[in-house]
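Throughout, residue positions are numbered sequentially from 1 according to the sequence presented.
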Amino acid sequence: MLDEILFFQLRIFRLFCDRVKVSSVEGNKIFERYGIWKYIEDTYDVMHLNSDENAFSDVLEILKAKGADI
């Protein structure tokens with residue numbers, strides 16, 4: 001199961017970096033700073049049932065709610 005979560009996190013992370021136009025280093029800093037890695041892990045059971053696009057939208061909403069400048 002851990003491999004599935006990591007694979008899902010990576011897909012959402014790569015989508016995030018591509019869409020927001022940030023490097024993987026900067027994207028990781030953002031995910032770390034705002035707890036996105038943990039969020040995806042904690043909500044995997046529900047998140048992976050939806051599309052990657054929906055998961056990406058959720059991540060953006062969380063970042064905006066937490067005041068991230070994206």
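Lys66 and Tyr34 get closest at one heavy-atom pair: NZ-O, 2.9 Å. Looking at every heavy atom in both residues, Ser24 comes nearest to Cys17 through CA-SG, 4.0 Å.
A 4.5 Å side-chain heavy-atom check between Ile40 and Phe13 finds every atom pair outside the cut-off. Here the side chains of His48 and Arg11 are not in contact, with every heavy-atom distance at 4.5 Å or above. Here the side chains of Ile30 and Ile36 are not in contact, with every heavy-atom distance at 4.5 Å or above. Side-chain atoms of Ile70 and Val22, non-hydrogen and from C-beta on, never get closer than 4.5 Å to each other.
Side chain of Gln9 to main chain of Trp37: a donor-acceptor pair is present (N/O by atom type, distance under 3.5 Å, no hydrogens or angles). In this structure, Thr43 contributes its side chain and Val46 its backbone to no donor-acceptor pair below 3.5 Å.
Distance check, rounded to the nearest 0.5 Å: CE of Met47 to CD1 of Ile5 gives 12.0 Å. Summarising the geometry, atom CG belonging to Asp52 is positioned 6.5 Å from atom CG belonging to Leu15; distances are rounded to the nearest 0.5 Å. The CD1 atom of Ile12 sits 10.5 Å away from the OH atom of Tyr44 when rounded to the nearest 0.5 Å. Taking CD of Glu4 as the start and CZ of Phe7 as the end, the distance is 10.0 Å to the nearest 0.5 Å. Here Lys21 contributes atom NZ and Phe16 contributes atom CZ; the two are 12.5 Å apart, rounded to the nearest 0.5 Å.
Counting non-hydrogen atoms of other residues, nucleotides and ligands closer than 6.0 Å to CZ of Arg33 gives a total above 12.
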